[in-house]
Amino acid sequence: MSDSSRTDASAASKEEEVVVEAGGVVFRDGKEEALRSLDGHIGWLAAFPYGLQHVLAMFVANLAPIAIIVGAAGLSEDMRAVLIQNAMFIAGIGTFVQLFPVWRVGSGLPIVMGISFTFVTVACTVAATQGYGALVGAVIVGGLIEGVLGLFAQYWRRIITPIVAAVVVTSIGFSLLGVGAASFGGGTGAPDFGSAQNLILGTISLVACLAFQGLAKGATKQLSVLFGLVVGYLVAIVMGKVDFSGFANFELFSLPALMPVAPEFHPGAIVSIVLLFLVSATETVGDCSALTAVALKRSPNDRELSGAVTADGVISTFSGIFGCSPVTSFSQNVGLVAMTGVVNRRAIATGAFVLVLAGFVPVVSLVFASLPEAVLGGCTIMMFGNIIVSGFQMIASAGFSQRNITIAALSLAVGIGFTQMSDIFVIFPELLQSVFADNCVAMVFVVAILASLLLPKDEKVHGPLVVQDENGSVKTPE
């Protein structure tokens, strides 16, 4: 064979290695490109670590609301274990529905679902005063109402202008900073909160994340959070900070419990929970806007927003049937997408599979639940900061007109400022206090919507005025 023939054959062979699979151009050495595409072709095993990373980022936050509400309701430890197992199952099913929509339920975006913190305060009040059954009934009804609302998102989403979505995303980031800091210190209410051991664990986990991100190459760089969690967990074992007592009498397999608590339907409880579902819908819209802006470089379309909110409601009703409180999109996982750029639905689906598995294999939940909070805080606190930066970028994209500046400044100042001094709401009815006093996202949303509807429209977005003279030189007008 001639030299030219061998050269051509070699080139053809190389081309075969890098071109093409599954209906699109996918480079075999282009794993990173596949991970940054919604439907990029990647093997399930190769995708698994990226999905596992999402599970690790949200696992404790998914369990905490149930544990808090169960404590307020005075339920037994056995019921607590059942509801925690159900919470894992529901989170996995909800994530699958968001990734792969059923009819008009689901967005098709890489959204991870979990038990919402938004409802904790009101849920504790309802469960303690009217019983856990009243809470379950309110969740079932409220979820159906949000689901119907989501189907008509194309009509009401127009009031959520780019600047409104931007400030809501920013407020979500600010609202999570305290969560990250609390985890870093060992978890709210922990007897050793802020101890040297917790701070060391959080710092080691954070440094491991940063070091891995700085030293790793290519697609591997995107596993920095997983690496930090593994390193932190191993160090925690050595320090004696991992509690293995939950493994003493575990079952290898058990089914999620359907209707573990009989629902009751109390009008007052339903109204309280429905109001919070409106806030949850707003947070989901904000999460969709943040996710598509930072990872897909575009705004969410009507179909995606409608499907996301509808899934929020339908899966929350499903959650109520299994005795759990409402679910929503998890902002910390939006932060993880912003940090890593991984949006591949197959990768996220492997994480959803782990969540569903945890609903059938209790030991899976026990392993993840033993992860110390300080380790989680060290690995997630930077992700929450990324959400704030994403919000700032969205504000810039909306334009710095005087109207937009006023909306952003007013809503963030009132929403974040007033909720830091929650006693300012003392003269308002208890229902309004429960919705707004400690929820800066709800307050920011209401103020931003009102300002957007009431302030006169700008004729155009004004930038710096630049004038050129006849020679082409730039001059500033007086």
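On a predicted model such as this, the values are computed, not experimentally measured, just so you know.
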For L258, does the CG atom have more than 12 heavy-atom neighbours from other residues, nucleotides or ligands under 6.0 Å away?
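Yes, CG of L258 has more than 12 neighbouring heavy atoms, counting only those of other groups under 6.0 Å.
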Do the non-hydrogen side-chain atoms of S116 and P65 ever get within less than 4.5 Å of each other?
no
So do L357 and M88 actually touch side chain to side chain, heavy atoms under 4.5 Å?
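They are not in contact (no side-chain heavy atoms under 4.5 Å apart), so the answer is no.
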Side chain proximity check, L56 to V225, heavy atoms < 4.5 angstrom:
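A side-chain contact under 4.5 Å is absent here.
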To the nearest 0.5 Å, what is the distance between CZ on F400 and CD1 on I395?
7.0 Å
Which heavy atom in L305 sits nearest to a heavy atom in C288, and how many Å separate them?
CD2-CB, 3.7 Å
Nearest 0.5 Å, what's the OG1-CZ distance between T310 and F152?
9.5 Å
Please test S316 against E146 for side chain to side chain donor-acceptor pair (under 3.5 Å), starting from the C-alpha separation and ending with a verdict.
CA-CA 9 Å; S316 290; E146 187 191 15; 4.7 Å; no
With side-chain contact (heavy atoms from CB on, under 4.5 Å) as the test, pick out the partner of F119 among L276, L135, I69.
L276
Interatomic spacing from CD1 in I115 to CE in M58 - rounded to 0.5 Å:
8.0 Å
Where is the tightest heavy-atom contact between F227 and A208, given as atom of each residue plus distance?
CD2-O, 3.6 Å
Parallel under 30°, tilted from 30 to 60°, perpendicular over 60°: which one fits the rings of F89 and F360?
perpendicular
Given side chains that start at C-beta, do those of M394 and P162 come closer than 4.5 Å, heavy atoms only?
no
For the pair N86 (side chain) and P256 (backbone), establish whether a donor and an acceptor sit closer than 3.5 Å, ignoring hydrogens and angles.
no
Criterion side-chain contact (heavy atoms from CB on, under 4.5 Å) against S329, the qualifying member of V112, I111, V309:
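Output: one option passes, namely I111.
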Would the distance check show the side chain of R346 and the main-chain N or O of A47 forming a donor-acceptor pair, the cut-off being under 3.5 Å?
no
Is any side-chain heavy atom of F277 closer than 4.5 Å to a side-chain heavy atom of I145?
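No, their side chains stay 4.5 Å or more apart.
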Taking Q213 for its side chain and S224 for its backbone only, find out whether a donor-acceptor pair lies under 3.5 Å.
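Absent.
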For G385 versus L177, what's the shortest heavy-atom pair and its separation?
N-CD2, 4.2 Å
Step-by-step side chain to side chain contact (heavy atoms under 4.5 Å, CB included) determination, V314 to W103:
CA-CA 12 Å; V314 171; W103 186 55; over 6 Å; no
Above 12 or not: heavy atoms from other molecules or residues under 6.0 Å from CG of L453?
yes
Indicate whether the side chain of S370 and that of Y233 have a donor and an acceptor atom separated by less than 3.5 Å.
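Note: S370 and Y233 side chains meet the donor-acceptor criterion.
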For the student: nearest non-hydrogen atoms of P110 and L38, plus distance
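It is CD-CD2, 3.5 Å.
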S306 and Q154 side chains, donor-acceptor separation under 3.5 Å
no
State yes or no: are the ring centers of F48 and F353 separated by less than 6.0 Å?
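No.
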Non-hydrogen atoms of G399 and N404 that approach each other most closely
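Residues G399 and N404, closest heavy atoms: O-ND2, 2.9 Å.
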Less than 4.5 Å apart, side chain to side chain, heavy atoms only: is that true for F212 and V231?
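No, every pair of side-chain atoms sits at 4.5 Å or beyond.
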Would you please test Q98 and L109 for side chain to side chain contact (heavy atoms under 4.5 Å, CB included) and show each step?
CA-CA 6 Å; Q98 287 286 17; L109 296 172; over 6 Å; no
Treating Q197 as the side-chain partner and A236 as the backbone partner, does any N or O pair qualify as donor plus acceptor under 3.5 Å?
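No.
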Can you tell me how far the CD1 atom of I163 sits from the OG atom of S411, to the nearest 0.5 Å?
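OG of S411 is found 7.5 Å from CD1 of I163.
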Looking at L229 and C379, what are the two nearest heavy atoms and their distance?
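Nearest heavy atoms, L229 then C379: N-SG, 3.4 Å.
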Expected output: side-chain R104 to main-chain L151 donor-acceptor under 3.5 Å:
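Yes, because the side chain of R104 sits within donor-acceptor range (under 3.5 Å) of the backbone of L151.
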From CA spacing to verdict: side chain to side chain contact (heavy atoms under 4.5 Å, CB included), L252, V361
CA-CA 6 Å; L252 290 176; V361 184; over 6 Å; no
Are the side chain of T350 and the backbone of A347 linked by a donor-acceptor contact shorter than 3.5 Å?
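Yes.
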To the nearest 0.5 Å, how far apart are OG1 in T317 and CG in L144?
3.5 Å
Side chains of S452 and R403, heavy atoms from C-beta outward: is any pair under 4.5 Å?
yes
Short question: side chain of S183, backbone of G180 - any donor-acceptor pair under 3.5 Å?
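Not a single qualifying donor-acceptor pair exists.
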Just do the salt bridge (charged side-chain N to carboxylate O under 4.0 Å, His left out) check on E304 and R298 with the steps written out, would you?
CA-CA 12 Å; E304 290 167 340; R298 61 174 176 82; 2.8 Å; yes
For I66 and C324, run side chain to side chain contact (heavy atoms under 4.5 Å, CB included): C-alpha distance rounded to whole Å, both residues' side-chain angles, the deciding distance at 0.1 Å, then the answer.
CA-CA 7 Å; I66 288 293; C324 295; 4.0 Å; yes
Will you find, in the side chains of S280 and T328, an N or O donor that is under 3.5 Å from an N or O acceptor?
yes
Less than 4.5 Å apart, any side-chain heavy atom of S37 and any of V343?
no
Within a 6.0 Å radius of atom OH on Y155, are there more than 12 heavy atoms belonging to other residues, nucleotides or ligands?
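No, OH of Y155 has 12 or fewer neighbouring heavy atoms, counting only those of other groups under 6.0 Å.
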Please confirm whether the backbone N or O of V342 pairs with a side-chain atom of R36, one donor and one acceptor, at under 3.5 Å?
no
Tell me whether T95 contacts the main-chain N or O of M113 through its side chain, where contact means a donor paired with an acceptor under 3.5 Å.
yes
Taking N198 for the side chain and A374 for the main chain, is one N or O donor matched with an acceptor at less than 3.5 Å?
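Absent.
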Rounded to the nearest 0.5 angstrom, the CD1-CG distance for I348 and N333 is 8.0 Å
